[in-house]
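Notes follow the structure.
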Amino acid sequence: MTKWVYSFSAERAEGHGEMKSLLGGKGANLHEMASLHLPVPPGFTITTEVCTYFYANGKTYPPDLAAQVNEAVAEVERQTGRGFGDAGNPLLLSVRSGARASMPGMMDTVLNLGLNDASVESLAKSSGDERFAYDSYRRFIQMYSNVVLDVDSHNFEDILEEYKNSKGHTLDTDLTAADWRSVIVEYKAKVAEAIGKPFPQDPRDQLWGAIGAVFSSWMNQRANTYRRLNSIPAEWGTAVNVQAMVFGNMGETSATGVAFTRNPSTGANDLYGEFLVNAQGEDVVAGIRTPQNITEAARKAAGSDRPSLETLMPEVFKQFAATTKLLEKHYRDMQDLEFTVERGKLWMLQTRNGKRTARAALRVAVEMANDGMITREEAITRVEPSALDQLLHPTLDPKAKPAPIATGLPASPGAASGEIVFSADEAAALRQAGRKSILVRVETSPEDIHGMHAAEGVVTTRGGMTSHAAVVARGMGKPCVSGAGAIRIDYAAQTMTASGITLKKGDILTIDGGAGQVMQGAVPMVKPEMTGDFLTLMGWADAIRRMKVRANAETATDARVARSFGAEGIGLCRTEHMFFEGERIVAVREMILADTEQGRRAALAKLLPMQRKDFAELFEIMTGLPVTIRLLDPPLHEFLPQTDEEIDEVAKAMGVSADKLRARSAELHEVNPMLGFRGVRLAIRYPEIAEMQARAIFEGAVEAGRKTGAPVTAEIMVPLVLGRPELDSVKAIIVAMAETVARETGVTVPYHVGTMIELPRAALRAGDIAKSAEFFSFGTNDLTQTTLGVSRDDAASFLGIYTVKGLLPSDPFVTIDAEGVGELVKIASERGRATRPDIKLGICGEHGGDPASITFCESVHLDYVSCSPFRIPIARLAAAQAALGRKAYSTA
Ligand code: ADP
Ligand code: MG
Ligand code: MG
């Protein structure tokens, strides 16, 4: 017999924290807290295997599930001394979904399940609080109808709003038991009208309805989208947690709240959280009421005049604070906790490793390692490399920052500017059009996730640090200001007003999510710096990693940024990028369009001093570090003049007629330039180009060496070879030029000649190529195109479907296709090393900055990865994690 149901209570837990696959994250942690004898309401978990069964068997349950559920319910009845379906002494339950990874796209929790027209009366009597009982019942009807019966919440909100208006009330808390009784009559009528039958009164029907809704929600659109965005496999399934209710809405000595053991925005080691008196859980998350601070320190910092939990309920606070410490120590990580206080008694409802910003992740990891709670190796795995991206972006220039028009909570750090939009769909539409937006809403809900993704930043006028907007934005690394109450949004007029200023849709807004500020217009930004905990953790990563990290850079600015971020050399300098600047392009066009060697040499002579200067500058910036320069690579047609004006300009410079040029230009047209006249093929047909570039490199190295007093090692890289003969032919030119320059200048520049491996044939011929090549650099962008037969520029129309349908595990241009392209890299590495054991191997495609691809590079033992300057810290950390053989631990 399969065990489908696992019970837990502070007395005994059948599961534990390591059972996330079977019990889901929430369930496993409930079992773990219970086994620590923390005050957890008794309950049980229906396993993820039931979810798998459910989908494999036409949405039915295992035959023995019902019996196991009944037994588990009986156990909860015994523990609580109440009866499920006992109208005189009712047991009420919560039904909570919980997948292996936390998933905000899933079903909402149903609270107060088990209430009906009869049991609400006895709840009123037994609690001695009529208002509480009817408040609970109306909440239950609304939640259950919304979540299980598909009757939208707004139906109930409208009824309530109208009722309050008719009585002259503004707050829910103004309503009496009698008021709620009347509202409930209307609620039930609405449900009956919507579903064609009465609201279910039998608690067992209610329970199975809720269980079915949790399993069904696994495949709803919201969940599917979330899974896709976060690469969560559909096979995982969700668990269902059923648990005895405890009540935070039993009057002024009751409360409900959420907390983090450390500040999730900054990582500061302070208990951080919010709560509401006389409320149930959904009130805090929905941001309907603005919550109060848990600690006095936080209350003072926020300048709030509403009491903290610390002063309001000192005993509960003490117990809660101690529990948070215990849990953090137990899990050895910052925890995100949910709790409820029922008439002065604390109940723990959830714990999990808290989501945090990159800044917080760094601080928490470094401080925990320094405190000896975790090792440095663990600290390294506690930060998601790609999350560092958040810290590598510009921030607002403090000197240019105007006064904010509104201030809210610093819900998720970072700065962003964009056009104001008031709906998620508009944000998505703007993104499609390549425009930047700031999503401004009263509050957000899971339906808005696509818009939050599309926007540069998010502003809400309601809700706290733990509101939906705040939590999701932090997870995405998006700047967010929440609870900016001074902003008034008029959705109908598509305007927002703050500080007497009215802005309309399309106006530019800037937000500073770290300061909680909203500014009118665009604000200048400044470059990021690597300091403090960031620097410390990078140092620890550097001590662990084996692979070197170099930069793809050709401009002085990029090279300097790369060095400041810790680049250990240049892995790819694309010389053609130097050809587009200023008047050079005219000389380049002259060279291409010349139809004699003599004409080409005349144009190349003009380019030589410019190239020499470029290289000298790069060598100087990278003093002491290797610089790999790739010879001209792209199809010549990329440089061709397009407009008549451009043609005239070149014609004048060359002293030929525009018509002649136009004819020559037409001759150079190619059907498929990416597989055409490019790469080493240029140097084969026009050796004088390689000759000029080699001269510029050697002369530049001599010049830089004279300036810095340090010798320069040049690495010259020949692109797109098919096999050794091409390389040998170009290498001969380079060797000859090295000798010429040495003779002319009296300085011998040390250098290496290598090649890019970016064609399958080259990968297969690597053993032979290595006889001439001192290094290989895997050009995985082209190698992916040529191996998959997919043009990156044309892939947009079909590649997305491939990943959605699971035909490819991920976008092969983002993460290396380990099975195909990776296999070629592996073969080439092995064959290259067999010929030349000390051959240097690196990667310089975009994959060099992608953490998953970096893990692959470690697995085939490459010597270095090379990536764009702003990804250098990401690559350093990813390389360290790869060396540890551990995947990054997800905290985003
Ligand atoms: P989510 O995954 O969206 O956080 P939860 O299942 O944690 O959903 O439920 C949300 C909130 O509902 C909890 O934070 C808590 O306040 C409330 N809740 C859940 N179960 C109970 C319970 N047994 N008693 C009281 N409140 C509960
Ligand atoms: Mg929760
Ligand atoms: Mg290439």
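First listed ligand is number 1; within each ligand, the first listed atom is number 1.
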Between [X] and [Y], how do the two ring planes meet: parallel, tilted or perpendicular, split at 30° and 60°?
X: Tyr61; Y: Trp208; result: tilted
X: Tyr6; Y: His31; result: perpendicular
X: Tyr137; Y: Phe140; result: parallel
X: Tyr187; Y: Phe156; result: perpendicular

N/O to N/O below 3.5 Å, does that happen between [X] and ligand 1?
X: Arg96; answer: yes
X: Ser94; answer: yes
X: Gln350; answer: yes

I need the contact type for [X] against ligand 1. Using non-hydrogen atoms and a strict under-4.0 Å cut-off, is it side chain, backbone, both or neither?
X: Gln280; result: neither
X: Met245; result: both
X: Thr256; result: side chain
X: Ala244; result: backbone
X: Pro41; result: neither
X: Leu111; result: side chain

*Between atom OG1 of Thr256 and atom CG of Asn278, what is the distance when rounded to the nearest 0.5 Å?*
11.0 Å
*Can you spot which of Val73, Leu91, Asp86, Asn116 makes a side-chain contact (heavy atoms from CB on, under 4.5 Å) with Pro203?*
Asn116
_Centroid-centroid under 6.0 Å between Phe339 and Phe275 rings_ = no
*Just which atoms of ligand 1 are under 4.0 Å from any heavy atom in Thr109?*
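Near Thr109, meaning under 4.0 Å from one of its heavy atoms, ligand 1 has 5 (P), 6 (O), 8 (O), 9 (O), 10 (C).
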*Short list, please: which atoms of ligand 1 are under 4.0 Å from a heavy atom of Glu338?*
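So the answer, numbered in order with elements, is 4 (O), 7 (O), 13 (C), 14 (O).
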*Check step by step if side-chain hydrogen bond (donor to acceptor under 3.5 Å, both in side chains) holds for Gln335 and His330.*
CA-CA 10 Å; Gln335 296 297 294; His330 182 74; over 6 Å; no
*Using a strict cut-off of less than 4.0 Å between a Lys/Arg side-chain nitrogen and an Asp/Glu carboxylate oxygen, indicate whether Lys345 and Glu342 qualify as a salt bridge.*
no
*Not counting sequence neighbours, which residues clear side chain to side chain donor-acceptor pair (under 3.5 Å) with Glu157? List them please.*
none
*Determine, stepwise, if the pair Tyr272 / Phe260 fulfils ring-ring contact (aromatic ring centres under 6.0 Å, His included).*
CA-CA 5 Å; Tyr272 189 87; Phe260 290 89; 7.2 Å; no
*Which residues and atoms, protein N, O or S only, are under 2.8 Å from the Mg ion (ligand 2)?*
Glu338 OE1, Glu338 OE2, Gln350 OE1
